[in-house]
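Just so it is clear, the model here is predicted, and its values are computed rather than measured. Quick note on labels: first sequence line is chain A, next is B, and so on, each numbered from 1.
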Amino acid sequence: MTDSADNKIDYSKTLNLPQTDFPMRAGLPKKEPEIIERWNEMNLYKSLREDAKGREKFVLHDGPPYANGNLHIGHALNKTLKDVITRSFQMRGYDSNYVPGWDCHGLPIEWKIEEQYRGKGKNKDEVPINEFRQECRDFAAHWVGVQSEEFLRLGITGDFENPYLTMNFDSEAIIAGELMKFAKSGQLYRGSKPIMWSVVEQTALAEAEIEYEMYESDTVWVKFPIAKGPDHLKGASIVIWTTTPWTMPANRCVCYSKKVSYGLYEVTVAENEFGPQPGDRSIFADSLVGECAEKAKVEMKRVGDVSVDDLKGMVLDHPLKGMGVDGYQFKVPMLHGDHVTEDAGTGFVHTAPGHGRDDFENWVAKRAEIEALGIDSSIPFCVADDGTYTDDAPGFPDVKVIDEKGKKGKANQAVITALIGQNNLFARGRVKHEYPHSWRSKKPIIFRNTPQWFVYMDKDGVCEKGTLRNTALAAIEETRFVPALGKNRLRGMIEGRPDWVLSRQRAWGVPISVFRNEETGQVIPGPEFDKSDELSQRIVEAFKKEGADAWYAEGAKKRFLDGIVDNQEQWTKVNDILDVWFDSGSTHAFCLEQREDLKWPADLYLEGSDQHRGWFHSSLLESSGTRGRAPYDAVLTHGFVMAEDGTKMSKSKGNVVTPQEVISQSGADILRLWVASSDYSEDLRLGKTILQTNIDSYRKLRNTLRWMLGTLSHDEGEEVALADMPELERLMLHRIWELDKLVNSNYDSFDFKRITRSLLDFMVLELSAFYFDVRKDALYCDGPSSVRRKAALQVVGHLFDRLVTWMAPILPFTMEETWLSRYPDAKSVHFEQFRSCPDEWRDDALATKWKKVRQVRRVVTGALEIERREKRIGSSLEAAPVVYINNDELNTAINGLDMEEICITSDIEISVGTAPDGAFTLDDVAGVAVVPQLAKGEKCARSWRVTTDVGADPEFPEVSARDAKVLQELKLLGKL
RNA sequence: GGGCUGGUAGCUCAGCUGGUUAGAGCGCACGACUGAUAAUCGUGAGGUCGGAGGUUCGAGUCCUCCUCGGCCCA
């Protein structure tokens, strides 16, 4: 130590002050990419796999995000949760492999390509389908690349070099194979359903392709003569109201509601000579009859009640029954419908099951009831692709509902004329209302019955537990749900759902690779076809080699059917594609089952709560239908990310937070800390304030680790046995032991916020504010031979190793940086396992005792605070208070302890007995009173403690006896 | 409109089967230290537990209604 000019020693140079290059400020946005680069260089993912070879597998199966557009905050939340789980299981001793996946087929990508076409003035229909498909494929591939990079930037670890894609040839082959399993087991059937159809584009449209615009519709009030009903209603009619007169030929029933009050009304005065005339009797909802009378320009009086019992079982004639064509002679039943309201109309709802969603659903739900009445429940196909009536709507040949330009056709007028001819038109009018239009052509669309492919939910004998529904419900019971409420939600949906529609009339997807016999309706592969396996295999093999494009290639039909069927002419190759939910529902088949490094079923599926209707749902159905159980043992759901006020993020409100901006401004670890400290079982909130809270937490955490690093930079000396350690060290080991249990069990139950909270609180309350604060004197000032110092260093080392590994799954970047700072030769913290904590560390009695010690300490600190307020002291080392203890328990607790060390004062006098008046007390610590006093003696120039033995060693006159001894020791070692 | 679900200090979270004056960390204010220093330590102020009824000796915790929000349907 160099003496300065005035011959004074710089004692700070003789201390073991913290020394570290580990920066206080993280600079994560810059630092994190460097760490990623390091991981890439060592190929961290592959090394981890090799490292974990042979260990028990833990498989979290990735739900595939859709491959279009950049990541949003929801993706970040989802993938971070997955990553925390993957990493924590890896560090807890499993081989925890994670294979990311992407959903690549489907509508949104088709739109984008079509949009590009329109920009170039091209038309999708003029492009060969496989050319179009290739462009979709390229588009998806591009976004897989972009998202992959973004996920990696978030610190996600996984097999990003070999992800699974639904559009990989192998995937497409197996998806088709899965579909054919449904076909072969007799679970697949061809039915029909009304869908939104654009006549102009001659294409089906999805909900998202629809926009609502004002539109003027023709409206009609139509009489349905009662054919069978109670006597007092004989000769009367039920009147319905509709804004789509063209759907009258497709009418199959009329719905009423139990909640509506109906009456029988008779016309008393009629303004016109046409339409309803005096004496005509009809039934209306009492609340709506006035408006109806007005529209028909008549006056009516109520002549009787109509009860629900009167309506139940009633049968009507079709209003076009008498128009002289074959086809309207069927019976029209009255059915109850929950969708019937008194908002508008007549209180009765005209039901054309082929042209409306409610209509269809109510009709299908009541199928048994309808059949029991001896009525055919099949749904007619009344309108063709081009908007023209078909033979299923007899009497209107060549009449169009909508023409090729999107203009109204003659259908409404023709129907109205026919109704007038039958004297069944009660009134007519026009109404302007919101009506669905194609967002592309801006032309009105129609609901139109079309053939679709379904899977039976309730067909018996085709599935493990009889029906698919029962099989799936049983599978739900076998699954663990986190949080538990998810089970009810999924169960409710499976219980109530209709048959599963698989088909889409689209181009970018896996085809429904079956053939249908147009005459017999037989489908192959199928249950009664002996070459099903051969056919199925042939298709799968082709798809594996060429992708699903093989289905659309020239000569595909011949290629697949040669030698399979005798007369290929009879068979039609189905051109529909599979709904993308079937693709993703099959990931377990083409990813989990196929990859050697994974397993089936997965330990865990993890997605947002919307996936109860999505991926959890379709995976469950797919797997139940083909394998009789769920493809997962457990399902974890998380909520959605909201803005700070709890409402949805929206561009217009300007409260959208993107992962990209958080990462570039604060770093991925900040985002990850936010995830790990939030309650993901509900919706989570994110905004400026919340981000700042996490930044602050991060700083505290980082600084605490930094201090440990600095402290640990000094020689730890030889190991101190547990029994030789001071109580304070043993207390900390006990706490580590407790935290070890807490951390492990909460990683196991996926409760990360508990881990984060506990560790942060521990670092703040017990380390920074207590243990470290107390031990600074020993760590900085004690000499190399001090057992106290060696023990403390050892404990800090234990703390460091555990805290850093425990937090590595949550903060992979920072913990890597921290770990490498202490262990520069280590490969990566991510190869570490959570260190075990010996049971010898546990000491409950000691913990109880020290709770009491800290109570006494609180009183001392409280008393010193007053002194500080009054400017009598600054540092607590200036004080040497007297502690009066009048409490046996507390007295026993502190007996034999260096209370001045624990309270960080220069001296403490313990006095058993009553305190003088005016001594400082705390309400909640009975029997402890403190009288503050200034420490006697001089301030030691080295330790800053005020002692009476400063100058005891004439060689070091400025320091206390303890410090002089240390200096002598250092001198002996040649370190001075 | 229906199903499921949530609303505890400025922020994030604890509060088990109903039981003393509702807790913690952060933030904030004030103070101390200047050997964790754009750090560290201490003290303090913040809540009619979304609102209103009800059950109970007693409710943040149970029931009903209302309100605001979320997901999924319609």
Review point. Which whole number of Å gives the distance between the P atom of G6(B) and that of G50(B)?
Key: 13 Å
Practice item. Measure from CD on Glu682(A) to P on C11(B) and round the result to the nearest Å. Key: 15 Å
Review point. Which value, in whole Å, describes the distance between the P atoms of nucleotides U8(B) and C16(B)?
Key: 15 Å
Practice item. Quick one: label Trp944(A) by what it contacts on the DNA or RNA (base, sugar-phosphate, nothing), any heavy atom closer than 4.0 Å. Key: base
Check your understanding: Ignoring hydrogens and angles, are the base of A32(B) and the side chain of Ser876(A) linked by a donor-acceptor pair under 3.5 Å?
Key -> no
Exercise for review: Could you check how far CG of Asp777(A) sits from P of A36(B), rounded to whole Å?
Suggested key: 12 Å
Exercise for review: Verify the neighbour count for atom CG of Asp21(A): are there more than 12 heavy atoms of other residues, nucleotides or ligands below 6.0 Å?
Suggested key: no
Practice item. May I ask you to evaluate whether Lys648(A) reaches the phosphate of C71(B), defined as a side-chain N or O under 4.0 Å from OP1 or OP2? Key: yes
Check your understanding: Nearest of C41(B), C11(B), C72(B) to any side-chain atom of Met493(A)?
Key -> C72(B)
Exercise for review: Return the value, rounded to whole Å, for the distance between atom CG of Asp761(A) and atom P of G23(B).
Suggested key: 16 Å
Exercise for review: Describe the nucleic acid contact of Gly646(A) in one word from base, sugar-phosphate, nothing, applying a heavy-atom distance below 4.0 Å.
Suggested key: sugar-phosphate
Check your understanding: OP1 or OP2 of U37(B) less than 4.0 angstrom from a side-chain nitrogen or oxygen of Arg706(A), does that happen here?
Key -> yes
Exercise for review: Would you kindly give the CH2-to-P distance between Trp707(A) and U34(B), to the nearest whole Å?
Suggested key: 18 Å
Review point. Base, sugar-phosphate, or nothing for Ser768(A), non-hydrogen atoms under 4.0 angstrom?
Key: base
Review point. Across the strands shown, which category fits Gly492(A) at heavy-atom distances under 4.0 angstrom: base, sugar-phosphate, nothing?
Key: nothing
Practice item. Could you work out which one of C13(B), G42(B), C33(B) sits closest to the side chain of Thr861(A)? Key: G42(B)
Practice item. May I ask you to say what Arg869(A) touches in the nucleic acid, namely base, sugar-phosphate or nothing, with a heavy-atom cut-off under 4.0 Å? Key: base
Practice item. Please give the nucleotide sitting opposite G35(B) as a Watson-Crick or G-U wobble pair, both distances under 3.5 Å, or none. Key: none
Exercise for review: Name the closest nucleotide to the Phe772(A) side chain, picking from C71(B), A36(B), C26(B).
Suggested key: A36(B)
**Study point:** Ring centre gap for Phe582(A) and Trp500(A) strictly below 6.0 Å
**Key:** yes
Exercise for review: Look up atom CG in Leu28(A) and atom OH in Tyr698(A), then write down how far apart they are to the nearest 0.5 Å.
Suggested key: 4.0 Å
Review point. How long is the line joining CE of Met24(A) and P of U34(B), in whole Å?
Key: 17 Å
Review point. Within 45° of the six-membered ring axis of Phe22(A) and under 6.0 Å from that ring's centre, is NZ or CZ of Arg822(A) located there?
Key: no
Point to revise | Side-chain N,O (Tyr698(A)) to OP1/OP2 (C26(B)) below 4.0 Å | key: no
Practice item. Would you indicate what Arg489(A) reaches in the nucleic acid, counting non-hydrogen atoms under 4.0 angstrom: base, sugar-phosphate, or nothing? Key: base
Review point. If you check every side-chain atom of Lys776(A), which of G35(B), G25(B), A36(B) has the closest atom?
Key: A36(B)
Review point. What nucleic acid atoms does Ile690(A) come within less than 4.0 Å of, heavy atoms only: base, sugar-phosphate, or nothing?
Key: sugar-phosphate
Exercise for review: Quote, to the nearest angstrom, the P distance that separates A14(B) from A74(B).
Suggested key: 34 Å
Practice item. Check every atom of C41(B), G70(B), G25(B) against the side chain of Asp683(A) and return the nucleotide holding the closest atom. Key: G70(B)
Review point. So what does Ala941(A) hit on the nucleic acid, given a heavy-atom distance under 4.0 Å: a base, only sugar-phosphate, or nothing?
Key: base
Check your understanding: Base, sugar-phosphate, or nothing for Asn703(A), non-hydrogen atoms under 4.0 angstrom?
Key -> base
Check your understanding: When you compare A52(B) with C68(B), how far apart are their P atoms, in angstrom units rounded to a whole number?
Key -> 16 Å
Exercise for review: Using the C1' atom on both, measure G18(B) against C49(B) and round to a whole Å.
Suggested key: 14 Å
Exercise for review: Indicate, yes or no, whether a donor-acceptor pair under 3.5 Å links the base of C13(B) to the side chain of Arg754(A).
Suggested key: no
Point to revise | Between U5(B) (P) and Leu490(A) (CG): distance, integer Å | key: 14 Å
Review point. Which class fits the ring pair Trp707(A) and Tyr780(A): parallel under 30°, tilted 30 to 60°, perpendicular over 60°?
Key: tilted
Practice item. Give one of base, sugar-phosphate or nothing for Thr20(A), where a contact means two heavy atoms less than 4.0 Å apart. Key: nothing
Review point. Under the side-chain contact (heavy atoms from CB on, under 4.5 Å) test, which residues partner Ala676(A), sequence neighbours left out?
Key: Phe752(A), Thr756(A), Ile810(A)
Check your understanding: NA contact type, Ile866(A), heavy-atom cut-off 4.0 Å: base, sugar-phosphate, or nothing?
Key -> nothing
**Study point:** C1'-based separation of U48(B) from G7(B) [nearest Å]
**Key:** 16 Å
Study note, to complete from the structure: Contacts of Glu644(A) and Gly862(A) projected onto RNA chain B by closest heavy atom; the upstream (5') one is Glu644(A)
Exercise for review: Could you check whether Glu865(A) gets within reach of a base, just the sugar-phosphate, or nothing at all, counting any heavy atom under 4.0 Å?
Suggested key: base
Review point. Which part of the nucleic acid, if any, lies within reach of Arg613(A) when heavy atoms closer than 4.0 Å are counted: base, sugar-phosphate only, or nothing?
Key: sugar-phosphate
**Study point:** d(NE2, His714(A); P, G35(B)) in whole Å
**Key:** 15 Å
Check your understanding: Just checking, any donor-acceptor pair under 3.5 angstrom between side chains of Asp645(A) and Thr647(A)?
Key -> yes
Review point. Rounded to the nearest Å, what distance is computed from the CG atom of residue Leu760(A) to the P atom of nucleotide A24(B)?
Key: 16 Å
Check your understanding: Counting side-chain heavy atoms from C-beta on, which of C71(B), C11(B), A32(B) comes nearest to Met642(A)?
Key -> C71(B)
Check your understanding: Under 6.0 Å from the NZ atom of Lys753(A), do we count more than 12 heavy atoms belonging to anything else shown?
Key -> yes
**Study point:** Lys700(A) side chain, from C-beta outward: closest of C71(B), U40(B), C26(B)
**Key:** U40(B)
Review point. What's the base orientation of G46(B): syn (chi within 90° of 0) or anti?
Key: syn
Exercise for review: Quick one: look up who C65(B) pairs with, Watson-Crick or G-U, both distances under 3.5 Å, and put none if it's unpaired.
Suggested key: G51(B)
**Study point:** C1' spacing across the pair G10(B) / U56(B), given as an integer number of angstrom
**Key:** 36 Å
Practice item. Please check if atom NZ in Lys741(A) has more than 12 non-hydrogen atoms from other residues, nucleotides or ligands closer than 6.0 Å. Key: yes
Review point. If you look at every strand shown and take non-hydrogen atoms under 4.0 Å, does Ile873(A) touch a base, only sugar-phosphate, or nothing?
Key: nothing
